[in-house]
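Numbers for residues simply follow the sequence, beginning at 1. All values derive from a computational prediction rather than experimental measurement.
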Amino acid sequence: MNPPVALTIAGSDSGGGAGIQADLKTFAALRVFGTSAITALTAQNTTGVRGVHAAPTEFVVAQIAAVLDDLPVRAVKTGMLATAATVEAVAALAVAGRLPHLVVDPVMVSSSGDRLLEPAAEAAYRDKLFPHAAVVTPNRREAEVLLGTAIRTRADQHAAARALGDLGAAAAVVKGGHPTDDAGNHAVDVVWDGTGTYELTGPWVDTPNTHGTGCSFAAATAALLAQGDDLRTALAGAKAFVARAVAGGARWRLGAGHGPLDHFGWA
């Protein structure tokens with residue numbers, strides 16, 4: 001019996017906590033065979049991003065095509081796409097029906113606050129890629145940028161999830177890793193599923209080790225879709241996976257900044 005296959009289209013994190021590295025760890029932890037197309041190299045560690053070298057869009061597409069032409073990809077996750085041209089190229093593949101169960105994580109800012117996306121790409125996400133996504137998964141700060149509005153309360157989070165859905169995605173999640181003022185001791189993600197909104201709630205873990213949480217949530221969603229789960233089940237499973245990974249690595253002291261997660265349950 002072959003394992004299901006998933007594809008991540010994202011940037012490389014030299015520190016190993018986020019990006020392609022987090023995605024492939026997540027796929028493996030969830031028993032999915034991971035493939036990848038690297039959109040950019042980053043010189044990065046737990047304290048910040050020192051440099052970004054974007055891959056030519058044509059070579060990103062070549063990587064994707066090489067995987068799709070040979071392997072039975074069941075789900076695709078996008079992370080850092082870096083440039084408007086790459087966002088548009090990925091959108092064109094989605095329009096052509098080549099990116100099944102597409103999970104779009106619009107990576108714009110790292111955990112340390114570093115910008116990872118050129119401004120021109122924001123419009124390309126909204127106008128060209130979101131309408132072809134099975135689900136989009138921005139965090140609260142990214143949703144604020146995409147929608148041009150402040151998100152300070154859970155009610156704002158619900159409104160933002162609906163507004164993101166209005167951009168054309170089949171579903172949208174506004175992640176709560178950057179909590180709203182009224183989240184209390186909970187990490188609250190708000191999901192719009194095409195008919196209404198609901199919350200995915202978990203305990204807040206007091207730790208600086210949150211590098212790669214957004215990447216891992218989106219990758220876990222894609223992995224579980226590749227396994228055959230419906231979207232609601234996949235999102236709940238992804239939430240539980242990230243909660244375990246954060247709790248497992250909460251006391252690690254790897255690096256001086258935002259440390260990585262325990263993807264494999266080593267703790």
Side-chain angles (χ1 to χ4, degrees), residues 10 18 22 26 77-81 87 101-111 113 115-117 121-127 129-205 210-222 224-225 230-243 245-246:
T26 299
K77 177 257 180 180
T78 69
M80 175 187 176
L81 296 181
V87 176
H101 295 301
L102 178 59
V103 179
V104 175
D105 189 26
V107 176
M108 297 179 177
V109 183
S110 73
S111 299
R115 191 80 180 207
L116 297 174
L117 183 72
E122 293 166 10
Y125 265 113
R126 288 190 299 265
D127 301 339
L129 189 55
F130 280 12
H132 306 286
V135 60
V136 298
T137 64
N139 63 34
R140 183 168 68 88
R141 292 174 182 170
E142 289 160 348
E144 288 178 331
V145 171
L146 288 162
L147 298 172
T149 186
I151 302 171
R152 295 194 174 91
T153 66
R154 282 161 77 168
D156 293 340
Q157 214 175 339
H158 280 261
R162 288 190 293 270
L164 286 166
D166 288 343
L167 296 177
V173 182
V174 179
K175 296 175 295 195
H178 304 291
T180 57
D181 295 341
D182 56 354
N185 292 321
H186 295 88
V188 181
D189 303 333
V190 174
V191 183
W192 178 84
D193 64 2
T195 60
T197 57
Y198 65 93
E199 296 181 356
L200 296 171
T201 303
W204 180 261
V205 179
T210 57
H211 187 49
T213 48
C215 301
S216 300
F217 176 83
T221 300
L224 294 169
L225 290 172
D230 61 66
L231 182 60
R232 189 181 187 104
T233 304
L235 290 172
K239 176 75 170 180
F241 173 80
V242 172
V246 171

Do side-chain atoms of [X] reach the backbone of [Y] as a donor and acceptor pair under 3.5 angstrom?
X: Gln157; Y: Val174; result: yes
X: Lys175; Y: Thr137; result: yes
X: Glu144; Y: Ala150; result: no

Next item on the list: Would you mind checking if Arg140 and Asp189 are paired as a salt bridge, meaning a charged N to carboxylate O distance below 4.0 Å?
Entry: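 Result for this pair is no, no salt bridge flagged.
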
Might you point out which heavy atoms bring [X] and [Y] nearest each other, and give the distance in Å?
X: Val145; Y: Met108; value: CG1-SD, 3.9 Å
X: Ala218; Y: Val103; value: O-CG1, 3.7 Å
X: Ala18; Y: Cys215; value: CB-SG, 4.0 Å
X: Ala121; Y: Val87; value: CB-CG2, 4.1 Å
X: Pro131; Y: Asp127; value: CG-O, 3.7 Å
X: Tyr125; Y: Gly79; value: OH-O, 3.3 Å

Margin query: Exactly one of Leu164, Leu102, Asp166 should register a side-chain contact (heavy atoms from CB on, under 4.5 Å) with Phe130. Which one does?
Written below: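 For Phe130, the side-chain contact (heavy atoms from CB on, under 4.5 Å) check succeeds only for Leu164.
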
Check: If you measure only the distance, is there a donor-acceptor pair under 3.5 Å linking the side chains of Thr201 and His186?
Finding: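 No.
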
[atom2] on [Y] to [atom1] on [X], rounded to 0.5 Å:
X: His158; Y: Trp192; atom1: NE2; atom2: CH2; value: 14.5 Å
X: Leu146; Y: Arg141; atom1: CG; atom2: CZ; value: 14.5 Å
X: Leu200; Y: Phe217; atom1: CG; atom2: CZ; value: 6.0 Å
X: Met80; Y: Asp105; atom1: CE; atom2: CG; value: 12.5 Å
X: Lys77; Y: Ser216; atom1: NZ; atom2: OG; value: 8.0 Å

Compare all side-chain heavy atoms of [X] with those of [Y] and state whether any distance is below 4.5 angstrom.
X: Arg126; Y: Pro106; value: no
X: Arg162; Y: Thr197; value: yes
X: Val246; Y: Thr213; value: yes
X: Asp156; Y: Thr149; value: no
X: Leu225; Y: Leu231; value: yes
X: Arg154; Y: Val190; value: no
X: Val191; Y: Glu199; value: no

Next item on the list: Could you give me the CA-CA distance, side-chain angles and deciding distance for Leu235 and Tyr198, then say whether side-chain contact (heavy atoms from CB on, under 4.5 Å) is met?
Entry: CA-CA 11 Å; Leu235 290 172; Tyr198 65 93; 4.0 Å; yes

